[in-house]
Amino acid sequence: MPNSGAFASRRGERGEGFPKSARLLDGAGFRAVLQRGRRRSGPCFTLYLWIRPGRPCRLGLTVSRKAGKATERNRIKRVTREYFRQHQIRFRDGFDCVVQARPAAGNSSNGTLRAGLDTLFAPWLIASPGGGTDPEATPCDG
RNA sequence: GGAGUGGGCCGGGCCGCCGCCGGCAUCCUUCGGGAUGCGGGAGGAAAGUCCGGGCUCCACAGGGCAGGGCGCCGGGUAACCCCCGGCGGGGGCGACCCCAGGGACAGUGCCACAGAGAGCAGACCGCCGGCCGGGAGCAAUCCGCCGGCAAGGGUGAAAGGGUGCGGUAAGAGCGCACCGCGCCUCCCGGUAACGGGAGGCGGCAUGGUAAACCCCGCCUGGAGCAAGACCGAAUAGAGGGGCACAUGGGAUGGCCCAUCCCGCCCCCGGGUAGGUUGCUUGAGGUGACCGGUAACGGUCAUCCUAGAGGAAUGGCGGCCAUCCCGGCUUGACGACCGGGAAACAGAACCCGGCUUACAGGCCCACUCCCUUU
RNA sequence: CGGGGCGUGGCGCAGCCUGGUAGCGCACUAGCAUGGGGUGCUAGGGGUCGGAGGUUCGAAUCCUCUCGCCCCGA
């Protein structure tokens, strides 16, 4: 069952929303991902990802105080959420993931943060059809 | 025009697309929720958590001790280590600024080094007098010895009032005058702190340190919304009831004996994960008037202004405004074109303060200096 | 939300309570011993005591404010 199909029934055909069902909301969910998921690291983030076929993708965020003060931490979380929201339609299969910010994220620009997320999520992303950058692309449930 | 002092205020604006979190209305629903529309969504410090309260729970007859805090006077306030207005002291030409600012005749401790002497002080250099006698010398005088002195030098952060006159061998509050100081009495101004004045007493006794111990006066129960209240899985354990009842199963053992362990359903309390609540209308904001020097208070009118909870308030783009740089243009400013910059910082129960951080900008009052009239 | 601790030469620490001299180890520099190095011995340099105010004659030390770091508890 294609992931985008599950979303289309809930969020309409665009698939760009970010409701609570797309987030990890309790300690059990976080613990499961951190223990069972695969881990990839970049300079700004560490990504834990646990593939759960047929279920909607969910995101959890961990930004410790080492990443910066409250304003910095909020910025990191916003950039990450926005990235997830805009790219979830291109995700290969259902999964839960936890994005953990590293101290270097604190003094990185928004563009650097997005680039770091690109590298980490690359294995689970379907290339945009036609190589274009159109966010209105065809749903990927071929 | 320049330099400066005090106080107050702002913390970019508008639009489009895609998102997030509450509220209200309507509709749909598989009762988990969803759709549409309307409207709302960070700060002056939301920060640090340094004080003070509200609120909640726990403890508590009253009082005291210990510990901690505060400390000129008057006022403001729910309260304060806050604020306002005074007083005293210190700094600045000035506008103004700074001060934990009770008590050192209740007691104890400390004051390094230097210095003769550092606490009911003291003779190093000095100054003065004397000398039966001793040494040098014709002598003056010097050395020495005995005694007087706190004026001068010198030490120090600090050496037991200052100036002048008298006095004396030399000196000294030793005496006197003036100034200063302490205590007492009285008068005037002030609610008071305190200020001003008059008189008397004391020749001066009373160095500093209490952000050293301490004394005096006043204040002070503990925790914190993860407070507290309600609902409540799964799993384990305990209790009660019912069913199953032995001839059952498992472990130790070569086997018997022996020993040990094991069921299903329902109910109850405690209570974890999780959920609901506390949760935003409040010592509230704004405006006018009145009282007050002011902090602030009163009356009336008006407004509702974030409530998240693995934690929302965002992303992208455009235009305008501000500032800077370059080009171009002009007598100069401006206009135009291109590029860049825009801080500190994110609500977590809520208020009143304090403190700290901060790009750029605005307003008011006042002071000093220069120039012109 | 509440509590505790630490900032002193390049590094790790003492000194603070009870105020007057900032000391120890390693490291560094020079000399000697060795053919050279390790090592040993001798001598030497180097510290706004995190920052700003205050109390005091005098502050690393006492007081207030502040900055940074670390660790607990709910």
Spacing of the [atom1] atoms in [M] and [N] (rounded, Å):
N: B:A157; M: B:G69; atom1: C1'; answer: 33 Å
N: C:A33; M: C:G38; atom1: C1'; answer: 14 Å
N: C:U56; M: B:G102; atom1: P; answer: 12 Å
N: B:A198; M: B:C81; atom1: C1'; answer: 44 Å
N: C:G9; M: C:A60; atom1: C1'; answer: 14 Å
N: C:G68; M: B:U356; atom1: C1'; answer: 14 Å
N: B:A357; M: B:A46; atom1: P; answer: 16 Å
N: B:A342; M: B:A359; atom1: C1'; answer: 6 Å

Any side-chain N or O of [X] under 4.0 Å from OP1/OP2 of [N]?
X: A:Thr71; N: B:A345; value: no
X: A:Arg31; N: B:A273; value: no
X: A:Arg23; N: B:G19; value: no
X: A:Arg81; N: B:A311; value: yes
X: A:Lys20; N: B:G22; value: yes

| said: Using side chain to side chain contact (heavy atoms under 4.5 Å, CB included), reason through A:Phe84 and A:Val99 one step at a time and then give a plain yes or no. | reply: CA-CA 10 Å; A:Phe84 185 89; A:Val99 173; over 6 Å; no

Under a 3.5 Å cut-off for both contacts, is [N] paired Watson-Crick or G-U wobble with anything, and if yes, with which nucleotide?
N: C:C1; value: C:G73
N: C:U21; value: none
N: B:G199; value: B:C184
N: B:A170; value: none
N: C:C32; value: C:G40
N: B:G144; value: B:C131
N: C:C16; value: none
N: B:C279; value: none

For atom [atom1] of [X] and atom [atom2] of [N], their distance in whole Å:
X: A:Arg73; N: B:A308; atom1: CZ; atom2: P; result: 21 Å
X: A:Leu59; N: B:A311; atom1: CG; atom2: P; result: 8 Å
X: A:Arg75; N: B:A312; atom1: CZ; atom2: C1'; result: 18 Å

| field | Straight-line distance of A:Cys97 SG to A:Leu34 CG, nearest 0.5 Å | value |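 It is 11.0 Å, given to the nearest 0.5 Å.
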
| query | Out of B:G19, B:G310, B:A347, which nucleotide sits closest to the side chain of A:Phe30? | reply | B:G310

| said: Measuring from the side chain of A:Lys69 (C-beta onward, heavy atoms only), which nucleotide among B:A312, B:A345, B:A347 has the closest atom? | reply: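 Shortest atom-to-atom distance from the side chain points to B:A345.
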
| task | Look at the side chain of A:Arg78 against the base of B:G346 and say whether a donor-acceptor pair falls under 3.5 Å; ignore hydrogens and angles. | result | yes

| field | Residues that A:Arg81 engages under salt bridge (charged side-chain N to carboxylate O under 4.0 Å, His left out), provided they are two or more places apart | value |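 With neighbours one apart ignored, the set is empty.
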
| request: Measure the shortest side-chain to side-chain distance between A:Tyr83 and A:Leu113 over non-hydrogen atoms and say whether it is less than 4.5 angstrom. | output: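 No; the side chains remain at least 4.5 Å from each other.
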
| task | Show your reasoning for whether side chain to side chain contact (heavy atoms under 4.5 Å, CB included) applies to A:Trp124 and A:Leu47. | result | CA-CA 12 Å; A:Trp124 293 280; A:Leu47 171 68; 4.1 Å; yes

| Is the closest basic N to carboxylate O distance between A:Arg75 and A:Glu72 below 4.0 Å? | yes

| request: For A:Asn110 and A:Arg78, run side chain to side chain contact (heavy atoms under 4.5 Å, CB included): C-alpha distance rounded to whole Å, both residues' side-chain angles, the deciding distance at 0.1 Å, then the answer. | output: CA-CA 10 Å; A:Asn110 291 2; A:Arg78 280 166 184 156; over 6 Å; no

